[in-house]
**Student:** 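To start, I am sharing the structure in question, which I have written as structure tokens.
Numbering starts at 1 and runs along the sequence shown. In listed order, ligands and their atoms are each counted from 1.
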Amino acid sequence: MTEHTITIRRPDDWHLHFRDGEIMEQVVPYTARQFGRAIVMPNLSPPVTETASGAAYRDRILTAVPAGVEFTPLMTCYLTDGTDPADLARGAAEGVFTAAKLYPANATTNSAHGVSDVAKIYPVLEAMEASDIVLCVHGEVTESHIDVFDREAEFIERHMRSIVRDFPNLRVVFEHITTSDAVDFVMGEGDQVAATITPQHLHINRNAMLVGGMQPHNYCLPVAKREAHRLALRKAATSGSPKFFLGTDSAPHLRSAKESACGCAGIFNAPFALESYLAVFEEEGALEHFEAFASLNGPRFYKLPVSDETMTLRRVPVTVPDSIPMAGEEIVPFHAGETLNWRIAE
Ligand code: NCD
Ligand code: ZN
């Protein structure tokens, strides 16, 4: 490619994890320097299940935004079997909640309080459809007999099709998709169904986790799949289709929690997220679709204004550090030790 700079409307991150406390304070600035807004996942321990705790968490995040940086956290409500539809509708009306998150119980990190049976939250989904609140879905079944690599495809057949059929006006984001099955599903549905795609699922397949020794820093959920799926995701993300947009799923876990006999799922990609995505668009010869994916499709789906700020990236190499000091320990970022070709212009 010959272009040396690229300027786009300021992007947003439509799915990430900030955690809380000291880690939150240290990770929020990485996101806020790139993204104008972010959809913040509610899987704290205990999770954010009510308007009051959502508002309090938003306030804590705002204290971690560096002075002079414009950044808006968009909060999500963690759905449980006991979610009160009236509280959720109130939270949305008051501008606390932008979306609600469906975690099947025990699908991923801190999801033990998640929904045990989608049928149990049908009254909540009805209220969300009436109030026009976006539903974000972690689309994996959790039954122990279903192979971990098949859990997303199985979720589509068992749950996604019926949710979309039964709530035709509910806007649904299929979060962090990892399979060609999910791409095909999203493409086959109407405008009310979209998907986020992470940088890691565009860069790595399951070999990156399992070949040459266990690579815990490439382990996240949904787990990376085989190469054919990665190629389908790259095609979808770079296609220019308005149905796919940026959601990093940046999920910080300290090195000690990753390099453990029972290592946590999650990849911390916030420090070089935009650079990571841009590498994919350049490799695919699709720089002209980068702005739509990063900055336009998400706001349109969420019915929020596109940013009136811009951001410029320069084609200069940047080496990602091997580790980043964090909360008295360290964390290994995505692309650790690799060189990326683009850098956000300061
Ligand atoms: C996320 C986390 O650590 O909170 N982990 C991950 O692997 N993506 C949870 C999630 O989004 O599944
Ligand atoms: Zn996530």
**Student:** Classify the ring geometry of Tyr103 against Tyr78: parallel below 30°, tilted from 30° to 60°, perpendicular beyond 60°.
**Tutor:**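 Tilted.
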**Student:** Within the 4.0 Å heavy-atom shell around His15, which atoms of ligand 1 are there?
**Tutor:** 11 (O)
**Student:** When you check the gap from the basic side-chain N to the acidic O, do Arg255 and Glu329 get nearer than 4.0 Å?
**Tutor:**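 Salt bridge flag = no for Glu329 with Arg255.
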**Student:** Of the protein's non-hydrogen atoms, which lies at the shortest distance from atom 8 (N) of ligand 1, and what is that distance?
**Tutor:**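 For atom 8 (N) of ligand 1, the nearest protein heavy atom is Asp249 OD2, 2.7 Å.
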**Student:** Look only at interatomic distance and state if Tyr103 has a nitrogen or oxygen under 3.5 Å from any nitrogen or oxygen of ligand 1.
**Tutor:** no
**Student:** Do Asp87 and Thr51 meet the criterion of a side-chain donor-acceptor pair at a distance under 3.5 Å?
**Tutor:** yes
**Student:** Provide the number and element of each atom of ligand 1 under 4.0 Å from a heavy atom of His253.
**Tutor:** 3 (O)
**Student:** Does atom CZ of Arg33 have more than 12 heavy-atom neighbours from other groups under 6.0 Å away?
**Tutor:**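 Atom CZ in Arg33 is packed in, count exceeds 12.
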**Student:** Going by distance alone, is a donor N or O of one side chain under 3.5 Å from an acceptor N or O of the other, for His229 and Glu227?
**Tutor:**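 No.
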**Student:** Pick one of side chain, backbone, both or neither for how His176 approaches ligand 1, counting any non-hydrogen atom pair under 4.0 Å.
**Tutor:**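 The side chain, only.
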**Student:** Quick check with a 6.0 Å cut-off and a 45 degree axis cone: is Arg206 positioned over the face of Phe149's six-membered ring?
**Tutor:** yes
**Student:** Taking 2.8 Å as the cut-off, does an N/O/S atom of His138 lie below it from the Zn ion (ligand 2)?
**Tutor:**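 No.
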**Student:** Tell me, which protein residue and heavy-atom name are nearest atom 11 (O) of ligand 1, and how many Å apart are they?
**Tutor:** His17 NE2, 3.0 Å
**Student:** Tell me, yes or no, whether the heavy-atom count around Glu157 atom CD, taken from other residues, nucleotides or ligands under 6.0 Å, exceeds 12.
**Tutor:** yes
**Student:** Backbone, side chain, both or neither: what part of Glu175 comes under 4.0 angstrom of ligand 1, heavy atoms only?
**Tutor:**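 Neither; no heavy atom under 4.0 Å.
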**Student:** Consider every N or O of Gly266 and every N or O of ligand 1, then say whether any pair is closer than 3.5 Å.
**Tutor:**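 By distance alone, the answer is yes.
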**Student:** Is it true that atom CG of Asp59 has more than 12 heavy atoms of other residues, nucleotides or ligands lying nearer than 6.0 Å?
**Tutor:** yes
**Student:** Please state which protein non-hydrogen atom is closest to atom 9 (C) of ligand 1 and give its distance, to 0.1 Å?
**Tutor:** Thr108 OG1, 3.2 Å
**Student:** What N, O or S atom of His17 is found closest to the Zn ion (ligand 2)?
**Tutor:** NE2
**Student:** Determine, using the 4.5 Å side-chain heavy-atom cutoff (strictly less than), whether Phe334 and Met41 are members of one ILVMFWY cluster.
**Tutor:**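 Result: no, two separate clusters.
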**Student:** Answer with side chain, backbone, both or neither: which part of Lys101 has a heavy atom less than 4.0 angstrom from an atom of ligand 1?
**Tutor:** neither
**Student:** What residue and atom, counting heavy atoms only, is the protein's closest point to atom 7 (O) of ligand 1, and at what distance?
**Tutor:**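 Protein heavy atom at minimum distance: Leu221 N, 2.7 Å.
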**Student:** Just to be sure I read this right, does ligand 1 sit under 4.0 Å from the backbone of Asn110, its side chain, both, or neither, counting only heavy atoms?
**Tutor:**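 For Asn110, there is no contact with ligand 1 at all, from either part.
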**Student:** Inspect the contact between Glu140 and Arg151 and indicate whether a charged nitrogen and a carboxylate oxygen are less than 4.0 angstrom apart.
**Tutor:** no
**Student:** Restricting to N/O/S, name the atom of Asp249 that gets closest to the Zn ion (ligand 2).
**Tutor:**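 Distance check against the Zn ion (ligand 2) picks out OD1 in Asp249.
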**Student:** Does Ile267 reach ligand 1 with a nitrogen or oxygen that is under 3.5 Å from one of the ligand's nitrogen or oxygen atoms?
**Tutor:**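 No, there is no polar N/O contact under 3.5 Å.
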**Student:** Could you list the atoms of ligand 1 found under 4.0 angstrom from a heavy atom of Cys220?
**Tutor:**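 Per the distance check, 7 (O).
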**Student:** If you count the atoms of ligand 1 from 1 in the order shown, which ones are under 4.0 Å from a heavy atom of His138?
**Tutor:**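 Ligand 1 atoms under the 4.0 Å threshold to His138: 12 (O).
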**Student:** Just to confirm my output: which protein heavy-atom neighbour is closest to atom 5 (N) of ligand 1, and how far is it?
**Tutor:** Ala265 O, 3.1 Å
**Student:** Is it possible for you to say whether Phe293 and Phe301 belong to one hydrophobic cluster, with membership spreading through side-chain heavy-atom contacts below 4.5 Å?
**Tutor:**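 In one cluster: no.
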